[in-house]
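One structure is given here, and the rest of the page talks about it.
Only this structure's heavy atoms are used, side chains among them; waters, hydrogens and symmetry mates stay out.
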Amino acid sequence: QVQLVESGGGLVQAGGSLRLSCAASGFIGSIVAMGWYRQAPGKERELVAKVSSGGSTNIADSVKGRFTISRDNAKNTVDLQMNSLKPEDTAVYYCNVVRVGLSIPFEYFDYWGQGTQVTVSS
């Protein structure tokens, strides 16, 4: 079965650090990208950072210089190191995996973790 296991969320004071981890398993087909999104109360879900199998990254401007994403393609894991956390980083963080089908038309599919809460206090 497809499974995304997330860990590392919690409560931290402003300026502190947290490390989120996500492990993907049970996928059929190639995983082409893994990353993290977040959703704060009353706001839309937004991209935080993601990395493709080829190593290219896409990082939100709001976290550049503070967050670092890393992926291990062999282990199908992705980590998000969050430094210099701010209260506005408070949100539920979701692991995201994109896979491509095994055969034509090679469609892309999104999978989501259950979410892990990150709370940054002032």
Any side-chain heavy-atom pair from [X] and [Y] closer than 4.5 angstrom?
X    : Y   : result
S52  : M34 : no
D110 : V97 : no
V78  : L80 : no
V48  : V63 : yes
Y108 : V32 : yes
L47  : N58 : yes

For the backbone of [Y] and the side chain of [X], can you confirm whether one donor and one acceptor N or O come within less than 3.5 Å of each other?
X    : Y    : answer
S122 : A14  : no
E6   : Q114 : yes
N96  : W36  : no
R38  : V92  : no

Response to the item:
When every non-hydrogen atom of R19 is compared with those of S70, the smallest separation belongs to NH2-OG, 3.9 Å

Worksheet item: Mind checking whether I31 and Y37 sit in one hydrophobic cluster, side chains of I, L, V, M, F, W, Y counted as touching below 4.5 Å?
Response: no

Discussion item. Under 6.0 Å from the ring centre and within 45 degrees of the ring axis: does the NZ or CZ of R45 meet both conditions for the six-membered ring of Y94?
Written reply: yes

Worksheet item: Counting heavy atoms not belonging to E88, are there more than 12 under 6.0 Å from its CD?
Response: yes

For the atom pair [atom1] ([X]) and [atom2] ([Y]), what is the distance rounded to the nearest 0.5 Å?
X   : Y   : atom1 : atom2 : value
I69 : D79 : CD1   : CG    : 9.0 Å
C22 : Y93 : SG    : OH    : 15.0 Å
L20 : S7  : CG    : OG    : 8.0 Å

Fill in: For F67, ring pair (Phe, Tyr, Trp, His ring centres under 6.0 Å) partners two or more places apart
none

Discussion item. Does either side chain, that of D72 or that of T77, offer a donor lying less than 3.5 Å from an acceptor on the other one?
Written reply: no

Worksheet item: Q81 and N83: side-chain donor and acceptor closer than 3.5 Å?
Response: yes

Worksheet item: Are D89 and K86 ion-paired here, with the side-chain N under 4.0 Å from a carboxylate O?
Response: no

